[in-house]
Amino acid sequence: MNFTHPFRDQDGDKLREECGVFGVIGARDAVNIAALGLHALQHRGQEAVGITTYDGREFYSHRGLGHVAQVFADKSISETLPGEMASGHVRYSTTGGSGLRNVQPLFADLSAGGFSIAHNGNISNASHLKRELVRRGAIFQSTSDTEVIIHLVATSRYPTLMDRFVDALRMVEGAYSLICMTEQGMIACRDPLGIRPLVMGRLGDATIFASETVALDVIGAEFVRSIEPGEMVQVDHKGVVSSHRPFGNPAPRPCIFEHVYFSRPDSVMDGRSVYSVRKQIGVELAKESPADADLVIPVPDSGVPAAIGYAQESGIPFELGIIRSHYVGRTFIQPSEGARHADVKRKHNANRAIIEGKRVILIDDSIVRGTTSMKIVEMMRDAGAAEVHMRIASPPTGHSCFYGVDTPERSKLLAANMDTEAMAAFIKADSLAFVSIDGLYRAVGEAERNNASPQFCDACFSGEYPTSLTDLAEKDKPDLLTLPVNKVA
């Protein structure tokens with residue numbers, strides 16, 4: 001099932017996760033388990049996929065552009081990836097651009113042996129560190145921020161690989177969930193604030209790591225626990241698990257948008273069902289922003305749980321007023337503006353028999369640039385809706401994310417340039433309302449947002465970034481790597 005937003009258009013009008021990671025150690029069929037786990041995480045990245053394995057002697061990798069089912073369609077590929085340890089990655093290109101050289105896991109032969117790394121997140125001082133590394137003679141093979149970590153490990157002067165890894169991570173800022181493979185075993189870790197998610201499971205004698213619990217469900221593994229913020233979990237080839245906490249215990253700040261949109265609804269985040277949280281957001285939205293209407297209609301698929309919650313709380317009937325086609329490919333020739341506009345109806349169509357003459361409440365997860373919302377409202381009008389009221393299951397997105405989420409620059413975010421009334425006029429809705437930030441916190445089980453020490457990273461709503469943003473402060477400096485991806489001068 002595809003949980004990416006079906007209305008994402010040419011302008012990239014929806015926030016999207018950068019990637020998902022998966023690791024398994026101690027399984028005879030490691031590569032196929034990894035492929036199945038990555039398939040469950042496909043919603044976190046649909047541009048590229050890679051798997052690296054280790055058989056006790058050598059590391060093997062296969063990477064490609066496209067979906068997991070496309071890149072690993074040929075069963076003979078798995079035969080080229082032997083071993084009982086495997087890690088994998090699905091990605092979008094937020095940092096570094098697209099192209100095969102940026103597809104993870106990345107691998108390097110270090111003085112201490114082979115080292116593979118798969119990364120979910122974003123290093124917010126990567127460019128700064130890269131400049132320093134290049135001055136010291138480092139040669140980069142990709143434009144991914146993840147490669148910075150490899151060079152920091154390679155140049156560290158500590159004696160053991162684990163100490164070098166810790167030393168490297170002490171120099172980076174931002175968000176990361178990492179799954180690394182060495183000749184000694186697997187290392188999984190989260191940044192000290194736990195911004196990006198990572199969980200651990202068991203499958204027989206094998207240890208599993210994944211971005212979300214749904215990957216454990218799909219492979220038949222048992223959930224053990226979440227990797228704690230700032231924790232590094234080491235698993236050797238005998239299955240011995242050890243935990244290290246080299247970064248102290250700062251107050252965690254996990255990404256709250258995982259609950260709003262990124263995670264699959266059948267995942268569990270920090271003990272909370274994502275589906276239940278999204279329904280509760282709808283309940284909070286109905287309490288805060290009621291509307292006199294006949295129908296509650298979700299924008300498929302991401303708006304469905306919140307719409308159910310809104311309908312149940314308000315007593316207004318829930319209806320599928322937008323019908324989604326499940327047979328739409330990822331690519332489509334769009335030679336003109338008219339054809340691009342028609343592409344929305346190719347993917348979804350208004351259910352006129354339900355909508356005509358009705359006052360409808362549309363529920364969606366977010367508004368980024370506003371172009372998508374405008375098209376959806378217009379679709380309702382064309383189907384004969386008497387009134388169209390838009391309700392959004394997140395606060396206004398007025399700030400860019402620098403922690404591994406693909407967002408436009410702030411000047412292109414609708415909420416950064418308009419108040420709610422002006423946004424309603426822009427998307428041509430009769431009314432528009434967002435859930436409050438306290439309402440969102442209540443939906444995830446908190447009494448309210450602790451403004452002195454927020455329980456989550458909500459920077460895309462509040463503008464309060466929990467880490468330094470060195471590269472943003474130095475953004476006028478030119479990038480070091482400027483060759484077009486997969487081209488030569």
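We're numbering straight along the sequence, starting at 1. Note that these values count all heavy atoms, side chains included, but never hydrogens, waters or copies made by symmetry.
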Run the numbers on Ile323 and Leu320 for side-chain contact (heavy atoms from CB on, under 4.5 Å), then give the verdict.
-> CA-CA 7 Å; Ile323 305 302; Leu320 295 178; 4.2 Å; yes
Show your reasoning for whether side-chain hydrogen bond (donor to acceptor under 3.5 Å, both in side chains) applies to His128 and Glu173.
-> CA-CA 11 Å; His128 175 82; Glu173 65 185 35; over 6 Å; no
Show the numbers, then the answer: is there a side-chain contact (heavy atoms from CB on, under 4.5 Å) between Ile187 and Leu178?
-> CA-CA 8 Å; Ile187 306 169; Leu178 302 172; over 6 Å; no
Tell me, with the steps shown, if Met269 and Glu212 meet side-chain contact (heavy atoms from CB on, under 4.5 Å).
-> CA-CA 8 Å; Met269 286 280 166; Glu212 294 183 36; 3.6 Å; yes
For the pair Phe262 and Val274, evaluate side-chain contact (heavy atoms from CB on, under 4.5 Å) and give the outcome as yes or no after the intermediate values.
-> CA-CA 10 Å; Phe262 296 141; Val274 173; over 6 Å; no
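The backbone N or O of Gly315 sits nowhere less than 3.5 Å from a side-chain atom of Gln312 that would complete a donor-acceptor pair. Between the side chain of Glu258 and the backbone N or O of Pro197, no donor-acceptor pair lies under 3.5 Å. Side chain of Glu446 to backbone of Asp438: no donor-acceptor contact under 3.5 angstrom is found. Checked by atom type and distance alone, the side chain of Asn450 never pairs as donor or acceptor with a backbone atom of Gln455 at under 3.5 Å. Without hydrogens or angle criteria, Thr397 side chain to Val368 main chain gives no donor-acceptor distance under 3.5 Å. For Asp191 (side chain) and Tyr176 (main-chain N/O), a donor-acceptor pair under 3.5 Å exists by modelled atom type. Although no hydrogens or angles enter the test, the distance criterion places a donor-acceptor pair under 3.5 Å between the side chain of Ser177 and the main chain of Arg196. Checking side-chain atoms of Arg352 against main-chain N and O of Asp382 turns up a donor-acceptor pair under 3.5 Å. Side-chain N or O atoms of Arg253 include none that pairs as donor or acceptor with a backbone N or O of Leu193 at under 3.5 Å. Judged by distance alone, the side chain of His89 and the main-chain N or O of His119 form a donor-acceptor pair under 3.5 Å.
Side-chain contact between Leu169 and Cys189: present, with at least one pair of heavy atoms (C-beta onward) separated by less than 4.5 Å. Contact annotation: the side chain of His389 never approaches that of Val360 to less than 4.5 Å [non-hydrogen atoms, C-beta and beyond]. Two residues are said to be in side-chain contact when any heavy atoms from C-beta on lie closer than 4.5 Å; Leu362 and Ile322 meet this criterion. Between Gln280 and Pro305, the closest side-chain pair of non-hydrogen atoms is not below 4.5 Å. Ser226 places none of its side-chain heavy atoms less than 4.5 Å from the side chain of Leu198. When side chains are defined from C-beta on, Phe165 does not count as touching Gln234, because their heavy atoms never get closer than 4.5 Å. Looking only at side-chain heavy atoms (C-beta outward), Val268 and Phe223 stay at 4.5 Å or farther from each other. Under the 4.5 Å side-chain criterion, counting only non-hydrogen atoms from C-beta, Lys287 is not in contact with Arg442.
Minimum interatomic distance between Ala459 and Glu464 (heavy atoms only, all atoms of both residues): CB-O, 3.5 Å. Closest of all the heavy-atom pairs between Arg278 and Ser263 is NH2-O, 2.6 Å. Closest approach of Lys279 and Ile308 over heavy atoms only: CE-CG2, 3.9 Å. Annotation for Asn102 and Ser142: closest pair OD1-CB, 3.1 Å, computed over non-hydrogen atoms. The heavy-atom pair separating Arg245 from Pro229 by the smallest distance is NH1-O, 3.9 Å. Residues Phe247 and Gly230 come closest through the heavy atom pair CD1-O, 3.4 Å.
Lys130 contributes atom NZ, which lies 11.5 Å from atom CD1 of Ile123 (distance to the nearest 0.5 angstrom). Atom-to-atom distance recorded for Asn122:CG and Thr467:OG1 is 9.5 Å, nearest 0.5 angstrom. Rounding to the nearest 0.5 Å places OG1 of Thr371 at 7.0 Å from CE of Met374. In this structure, the separation between CZ on Phe22 and CG on Asn120 is 14.5 Å, given to the nearest 0.5 Å. Of the inter-residue distances, the one linking Asp301 atom CG with Arg264 atom CZ reads 11.0 Å to the nearest 0.5 angstrom. Leu106 CG to Ile117 CD1: the interatomic distance, rounded to the nearest 0.5 Å, is 7.5 Å.
In this structure, the side-chain hydrogen bond (donor to acceptor under 3.5 Å, both in side chains) partners of Asp458, at least two apart in sequence or on a different chain, are Tyr441, Arg449, Ser462. Shown here are the salt bridge (charged side-chain N to carboxylate O under 4.0 Å, His left out) partners of Arg381, two or more places apart in sequence or in another chain: Asp430.
Here Glu474 pairs with Arg131 in a salt bridge; the nearest charged N to carboxylate O distance falls below 4.0 Å.
Between Phe456 and His259, the ring planes are perpendicular. Angles over 60° get that label, and only those under 30° would be called parallel.
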